[in-house]
Student: 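Please find one structure pasted underneath; my questions will follow.
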Number of protein chains: 2
Amino acid sequence: MSEQQQPPRRVTLKDVAKLAGVSHQTVSRAINDKGEIDPETRRRVLDAARELNYRPSRFARGLVSPGATTLGLIVSDVENPFFPELIAGVIEAAEERGWQVLISSTQNRDAREPELIRTLAAQADVVIGYLSAPDATLTAAAEGLPLVVLGRAVDEPAFGAVEVDTDVGVRAAIAHLVSRGHRAIGMIDCADDGTPDRRPAFHAAMAGHGLPVADDAISGGTLTVEGGETAFVRLRAARPDITAVFTFNDLMALGVYRAARRLGVRIPEDCAVIGFDGLPLGELIDPPLTSVYLDKRRMGAIAVTEAARLLSGEPAGRALLPVRLIVRGSA
Amino acid sequence: MSEQQQPPRRVTLKDVAKLAGVSHQTVSRAINDKGEIDPETRRRVLDAARELNYRPSRFARGLVSPGATTLGLIVSDVENPFFPELIAGVIEAAEERGWQVLISSTQNRDAREPELIRTLAAQADVVIGYLSAPDATLTAAAEGLPLVVLGRAVDEPAFGAVEVDTDVGVRAAIAHLVSRGHRAIGMIDCADDGTPDRRPAFHAAMAGHGLPVADDAISGGTLTVEGGETAFVRLRAARPDITAVFTFNDLMALGVYRAARRLGVRIPEDCAVIGFDGLPLGELIDPPLTSVYLDKRRMGAIAVTEAARLLSGEPAGRALLPVRLIVRGSA
DNA sequence: TTGTAGGCGTTATCAC
DNA sequence: GTGATAACGCCTACAA
């Protein structure tokens, strides 16, 4: 009676079978190029399939024989050049294992993390993410989904983690500035909400040299070129005596360049700059950007290894990604 | 008897049910937070699930209630800054429709395209790709999978396409150079194999101004900074008289910058440069790069719209992405 | 509140 | 060569 439903029901093997006048099993044989089938029948079936615009259900197939492992990757901003390298590292490592990679991005809206995790949980076998939400929030969202957290310290023992050796990097940056005679050093930091915190490391490094850090020597902003730009303008207004800045990342350092040009501040003569990330584009600008380099491809590869551990039931690991200072022209 | 199989069979609802001493149905209720279940039973079930490390099968779930549409995206190089913007556009547009995005990259090995398509066919409902393989190859690999091809002309009527208005862009670039008095204009092109071809457009534009194009005025290379670098060195050696170059993309233009610095060639005084793509980093270098801009985010968004058309059974569309010349300091 | 029966679309196994 | 029949793991009825 009610054959004509409103929601266009999916075309199945049986539909094709009916049209071709064979059993659904024969259709399966034809579709999958099994032998043991009359070439003529085969043709008829394939024609019917084409006519109905038949596409096999990946779910049904996956049910019968579990397909490739699918890895979910969550980043916070695909347009921050930091992430493409990380993504490349993950893709390559995943590929070596024959895994698929599902990518999503919060586009800098951290509040969306739990939602993205939940969505990926339905699609992926394991998730790697540059996540800023607190462990408890992530645990609730993950619901048993194996999770590898990138770029920050993690307490939850169930999570894998690849942390960055921020302390060492920041210390090297500050030591370098001090060795060049700087004493009034400012920081362009991320805005106060969330994100891995490089500020304590900055304080510690400065203290190590007996240098004070006044509150107004730190200026925050979004993790973008624009964020760095406005943060530097603000810093400069508050503390014109500062002769060097350490920025949260290279993108913000570029913002400092832009602001500096506008303000007539010369780099490095009037103000030295050190970034963090070591992006390739640091080499392209003038003067080339001195930066704390971290190997993002490697980070991705390590994360995939961690993911594999979790999937095989081994206890979660804590990897530490080393960093190193690359001295170029800006400091 | 043979309960202990070698391949660690998947943990299912029934396993949890057995351990918790309930029916598999009750487990389902507990897992999915349905009402109508004794809190105590619920807890017992959840504990059992945790103990067994149970994770629901996404395939079985998908079978019962078809989940989100999954879009596959194939790019050729995640580290070419062109793609992150495109990816962002696709992700955003897909998200608006509640779709998932699966990403893979050929990493500049074009020969891998068919393989990637086939793999995605098993995971995605529709695929968008920056694909250079000929239509016939793609058709064979796609096997009915809806496909949207980006950045080049397409003949296959079944494919959706978002083409770039290369002709207009190249013509604008050449016209600009001519208006600045250049007559000996060279081109840094992609290597001879595959990839969308801007060479015919270059020839046509030059001819439009009555300018000759000798073979040695075109130098090819890989679509990277390095490729542009070596190509320019070669071009410069063969044709020192050339006063302006048009490059296949901005990345290669950066290579020209690098080579020029090494060779002591000043930009734009000794040689003007115009790129293609209009990447943000063109603004960051010195002199800022004049380039043919195309809106990659928009390209991604349009592609998703095309994908939606294909999925709903409408005939494939052919969108044309407009471009425009952005004049900055390099030409 | 809980359990039983049926079906989602596909493939594998076995008869015919 | 071809067609029933039984899984695969889950969920939505409905019955107990």
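FYI, side chains are in, hydrogens and waters are out, and symmetry mates aren't considered; it's all heavy atoms of this structure. Chain identifiers are assigned alphabetically (A, B, ...) following the order of the sequence lines, protein sequences preceding nucleic acid strands; residue numbering begins at 1 within each chain.
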Student: Hey, is the side chain of A:Thr41 poking within less than 4.0 Å of OP1 or OP2 on D:dG1, counting only N and O atoms?
Tutor: no

Student: Strictly under 4.0 angstrom, non-hydrogen atoms only: write out the protein contact profile of nucleotides 9-16 of chain C, one letter per nucleotide from the 5' end, B, S or -.
Tutor: BBBBB---

Student: Any idea which of D:dT2, D:dG3, C:dG3 is nearest the A:Ser23 side chain?
Tutor: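 Between D:dT2, D:dG3, C:dG3, the one nearest the side chain of A:Ser23 would be D:dG3.
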
Student: Do A:Thr70 and B:Arg58 have a side chain donor and acceptor closer than 3.5 Å?
Tutor: yes

Student: Under the side-chain contact (heavy atoms from CB on, under 4.5 Å) criterion, do B:Arg297 and B:Leu86 qualify, and how do the steps go?
Tutor: CA-CA 5 Å; B:Arg297 293 181 96 87; B:Leu86 173 67; over 6 Å; no

Student: Tell me the interatomic distance from A:Arg43, atom CZ, to D:dT2, atom C1', rounded to whole angstroms.
Tutor: 19 Å

Student: Between B:Ser132 and B:Glu113, do the side chains contain a donor N or O and an acceptor N or O under 3.5 Å apart?
Tutor: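 Side-chain D/A pair, B:Glu113 to B:Ser132: present.
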
Student: Have A:Ser105 and A:Gln107 got a donor and an acceptor in their side chains that come within less than 3.5 Å?
Tutor: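 Looking only at side-chain atoms, A:Gln107 and A:Ser105 do form a donor-acceptor pair, the distance falling under 3.5 Å.
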
Student: We want to know whether A:Ser23 and A:Gln25 form a side-chain donor-acceptor pair, criterion being a heavy-atom distance below 3.5 angstrom.
Tutor: no

